[in-house]
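One structure is given here, and the rest of the page talks about it.
Numbers restart at 1 for each chain; the letters A, B, ... are given by sequence-line order, proteins then strands. Note that the structure is a prediction, hence the values are computed from the model and not measured.
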Protein chains: 2
Amino acid sequence: MEKLVDALKALSDETRLRILNLLYEKELCVCDIMEALQISQAKASRHLIYLKNADLLRDRKHAQWVYYSLAIDERIKFIDSLVYDNLRNLELYKNDLQNLKDWLKRKTMNCE
Amino acid sequence: MEKLVDALKALSDETRLRILNLLYEKELCVCDIMEALQISQAKASRHLIYLKNADLLRDRKHAQWVYYSLAIDERIKFIDSLVYDNLRNLELYKNDLQNLKDWLKRKTMNCE
DNA sequence: TTTGTATAATCGCTTAAACGAATATAAGTA
DNA sequence: TACTTATATTCGTTTAAGCGATTATACAAA
């Protein structure tokens, strides 16, 4: 992250906060985000790239999937507080985590 | 603050972060901010109002002056971490504090 | 090679927000 | 009442970002 301000701009959008909240659980691919948040593919992709450009995420390609995970270093540990002390007290973000859990279970069952 | 996102939007601008950094020291009027940051009156006023609308500041009128101070409650304690762990390690914000100190000293001396 | 799936990029449009410059308001002082 | 000072607001312009819809790319599997 070049600038602290860039990280804060990346955090000042609800969709991106919701994505970040999910990624605090585990690495996910774009389609996991789409399903858990019930948003379009273009929207998920755009916001993930925005977060990556702010150096808050890294990505890893495997076959046709792109997996995103947190890339939050020491310099911006206030984000931990934001997520654990604020986001996770709000219904919207709690629901998102439950939706993610449900989706990942369904996804696994389809492969068995 | 209605929405966490509104607070984050308010924090995602360098001028507003610089203002917040100063107000972590003490209550200040608009002209103190102008002097310490060397910005125009209109710019100082606009950004202070933006922060106030996000419920991060309160104001208090006394004669022709308007004093602004922090209004950050429990819900957004991550801002403490942002200021103390991040901003205050950066030269720009350290310089601003020194400029504020110098300005307040000059201001006091003029009244003696 | 064709088809399907996952992801990214582009287009056109709309809105928020930043800026300097100028003007308005409101209170204090001469 | 005039004048000054402190602060807020408005105007016109510019830029960043958000969106849905669509198209492009890249890999996999048939």
For [X] and [N], give me the distance from atom [atom1] to atom [atom2], rounded to whole Å.
| X | N | atom1 | atom2 | value |
| --- | --- | --- | --- | --- |
| A:Glu14 | C:dA16 | CD | C1' | 17 Å |
| A:Leu17 | D:dG18 | CG | C1' | 15 Å |
| A:Leu8 | D:dA16 | CG | P | 18 Å |
| B:Gln64 | C:dT25 | CD | C1' | 13 Å |
| A:Ile39 | D:dG18 | CD1 | P | 12 Å |
| A:Asp13 | C:dA16 | CG | P | 14 Å |
| A:Met34 | C:dT5 | CE | P | 13 Å |
| B:Asp59 | D:dA6 | CG | P | 18 Å |

Go through [options] for me and flag the one nearest to the [X] side chain.
| X | options | answer |
| --- | --- | --- |
| B:Ser40 | C:dG20, C:dT7, C:dA18 | C:dG20 |
| B:Ala63 | C:dA27, D:dT7, C:dT7 | C:dA27 |
| A:Val30 | C:dA18, D:dC27, C:dA8 | C:dA8 |
| B:Trp65 | D:dG20, D:dA6, D:dA8 | D:dA6 |
| B:Arg46 | D:dT7, C:dG20, D:dC19 | C:dG20 |

**Message:** So, under a plain 3.5 Å distance rule, would you say the side chain of A:Arg16 forms a donor-acceptor pair with the base of D:dG18?
**Reply:** no
**Item:** Any donor-acceptor N/O pair under 3.5 Å between C:dA8 base and A:Gln41 side chain
**Value:** yes
**Message:** If you count every heavy atom of other residues, nucleotides or ligands that lies below 6.0 Å from B:Lys94 atom NZ, does the total exceed 12?
**Reply:** yes
Between [X] and [N], is there a side-chain N or O to OP1/OP2 distance below 4.0 Å?
| X | N | value |
| --- | --- | --- |
| B:Lys9 | C:dA16 | no |
| B:Tyr68 | D:dA8 | yes |
| A:His47 | D:dC19 | yes |

Within the 4.0 Å heavy-atom criterion, would you say [X] contacts the bases, only the backbone, or no part of the nucleic acid?
| X | result |
| --- | --- |
| B:Lys61 | nothing |
| B:Tyr67 | nothing |
| B:Ala42 | base |
| B:Ile49 | sugar-phosphate |

**Prompt:** Side chains of A:Tyr24 and A:Asp80: donor-acceptor distance under 3.5 Å anywhere?
**Reply:** yes
**Backbone N/O of A:Ala42 and side chain of A:Ser45: donor-acceptor pair under 3.5 Å** = no
**Message:** Would the distance check show the side chain of B:Asn53 and the main-chain N or O of B:Tyr50 forming a donor-acceptor pair, the cut-off being under 3.5 Å?
**Reply:** no
**Asked** Can the positive tip of B:Arg88 be found less than 6.0 Å from the middle of the six-membered ring of B:Tyr93, inside 45° of the ring normal?
**Response** no
**Request:** Using the six-membered ring of A:Tyr68, assess whether NZ or CZ of A:Arg60 lies under 6.0 Å from its centre and within 45 degrees of the ring axis.
**Result:** no
